[in-house]
Amino acid sequence: MSIQYILEIIGTFAFAISGALSVKDQKHQDWFGASFTAFLCSIGGGTMRDVLLDSYPLVWISDITILYAIIAGILTTFIFYKYLIGLRRTLFLFDTFGIALFTIVGTEKALHLGVRPEIAAIMGVFTAIMGGVVRDMMNNEIPIIYRKEVYATACLAGAVSYLVLDRAGAERNVAFIVASLVIITIRILAVRYEWSVPKFFR
């Protein structure tokens with residue numbers, strides 16, 4: 001079992017927690033609402049990537065472990081809800097961890113399917129952000145990519161970092177971990193120092 005696969009499962013687990021926690025202030029706080037949101041948050045980006053790249057069967061259909069990771073995330077949120085909700089910026093941390101892992105997983109899979117590096121980077125960003133976009137839409141909120149904070153830009157920086165390291169001949173696991181840390185670091189610093197992408201219209 002590769003470290004890439006292990007991190008993908010962890011990322012799925014983290015996104016499931018992020019999705020389940022996101023319904024805490026919504027009317028649909030029942031099991032179905034929380035579970036459905038967690039499921040879509042976890043598989044939304046990967047599903048869009050696979051459809052665009054014509055890669056079938058979809059990853060969560062071909063690998064039952066992904067479904068088990070989502071279920072584990074939902075149950076963890078249910079059992080430790082009061083503890084998780086009391087942690088400062090819990091949702092932010094799970095979301096940041098999830099997008100970092102999914103960005104690199106998506107970029108790497110696109111490369112393996114033979115697309116150009118530029119397209120692979122875009123697929124990596126799609127893999128990371130679309131689950132969160134679906135989560136926000138399910139909760140009737142403005143998608144996070146349209147808010148002030150740095151989000152998709154951090155994912156793109158991580159995807160490019162991975163491509164550069166891969167082109168330079170870096171060992172696969174090293175490139176995976178370093179690029180993931182690039183995303184996590186940018187996200188944390190952006191929130192800490194209130195960085196934002198320059199406005200398109202001035």
Side-chain angles (χ1 to χ4, degrees), residues 1-24 33-50 58-60 63-109 123-139 141 143-145 149-152 154-155 157-159 162 173 176-191:
M1 185 179 295
S2 68
I3 188 171
Q4 179 264 339
Y5 181 75
I6 294 173
L7 291 175
E8 184 174 2
I9 296 302
I10 295 173
T12 301
F13 174 77
F15 255 36
I17 292 177
S18 172
L21 281 177
S22 71
V23 306
K24 66 184 184 302
S35 299
F36 190 59
T37 305
F39 182 77
L40 291 180
C41 183
S42 299
I43 60 93
T47 297
M48 173 172 281
R49 175 202 64 215
D50 289 349
L58 301 178
V59 63
W60 59 272
D63 187 355
I64 193 63
T65 305
I66 292 178
L67 181 59
Y68 291 153
I70 296 173
I71 294 173
I74 294 169
L75 291 176
T76 298
T77 305
F78 175 74
I79 295 172
F80 299 105
Y81 167 75
K82 292 183 178 180
Y83 175 73
L84 291 172
I85 216 66
L87 293 177
R88 185 175 180 81
R89 296 178 177 173
T90 304
L91 185 59
F92 164 78
L93 292 175
F94 278 116
D95 189 63
T96 298
F97 188 68
I99 64 169
L101 299 181
F102 278 138
T103 297
I104 313 307
V105 166
T107 303
E108 187 175 61
K109 180 170 184 178
M123 290 297 102
V125 174
F126 275 16
T127 304
I129 69 173
M130 291 312 297
V133 169
V134 172
R135 176 199 63 210
D136 293 340
M137 293 175 65
M138 289 288 294
N139 290 317
E141 297 178 356
I144 192 168
I145 59 172
E149 64 184 88
V150 174
Y151 194 76
C155 297
Y162 178 84
N173 291 340
F176 195 102
I177 293 174
V178 170
S180 297
L181 289 175
V182 167
I183 298 171
I184 293 172
T185 301
I186 290 175
R187 279 281 286 156
I188 292 176
L189 290 177
V191 171

inquiry  = To the closest 0.5 Å, what do you measure between CZ (F13) and CD1 (I74)?
reply    = 10.5 Å

request  = Assess whether side chain to side chain contact (heavy atoms under 4.5 Å, CB included) is satisfied between R49 and V105, documenting all intermediate values.
outcome  = CA-CA 11 Å; R49 175 202 64 215; V105 166; 4.2 Å; yes

query = So, for G106 and T127, which heavy atoms are closest and what is the spacing to 0.1 Å?
reply = CA-OG1, 3.5 Å

remark   = Here the gap from F126 atom CZ to T107 atom OG1, rounded to the nearest 0.5 Å, amounts to 12.0 Å

key: Minimum heavy-atom distance between G45 and M130, given as atom pair plus value   = CA-CB, 3.7 Å

request  = With the side chain counted from C-beta on, respond yes when W60 and L67 share a heavy-atom pair under 4.5 Å apart, and no when they do not.
outcome  = no

task = May I have the step-by-step check of side chain to side chain contact (heavy atoms under 4.5 Å, CB included) for I70 and F15, ending in yes or no?
result = CA-CA 8 Å; I70 296 173; F15 255 36; over 6 Å; no

task = Could you walk me through whether E8 and V59 pass the side chain to side chain contact (heavy atoms under 4.5 Å, CB included) test, one step at a time?
result = CA-CA 11 Å; E8 184 174 2; V59 63; 4.1 Å; yes

query = Are Y162 and T103 side-chain neighbours, meaning at least one heavy-atom pair lies under 4.5 Å?
reply = no

task = Measure across A154 and I183 and return the closest heavy-atom pair with its distance rounded to 0.1 Å.
result = O-CG1, 3.3 Å

query = Can you name the salt bridge (Lys or Arg N to Asp or Glu O under 4.0 Å) partners of E108, sequence neighbours left out?
reply = R172

query = Can you find a pair of side-chain heavy atoms, one from T65 and one from Y5, that are under 4.5 Å apart?
reply = yes

query = Quick check: does any side chain N or O of D50 sit under 3.5 Å from a backbone N or O of L58, one acting as donor and the other as acceptor?
reply = no

message = On a heavy-atom basis, which atom in L101 and which in S180 lie closest, and how many Å separate them?
response = CD2-OG, 4.0 Å

request  = Please name all residues satisfying salt bridge (Lys or Arg N to Asp or Glu O under 4.0 Å) with R187, sequence neighbours left out, ordered by chain then number.
outcome  = D95, E149

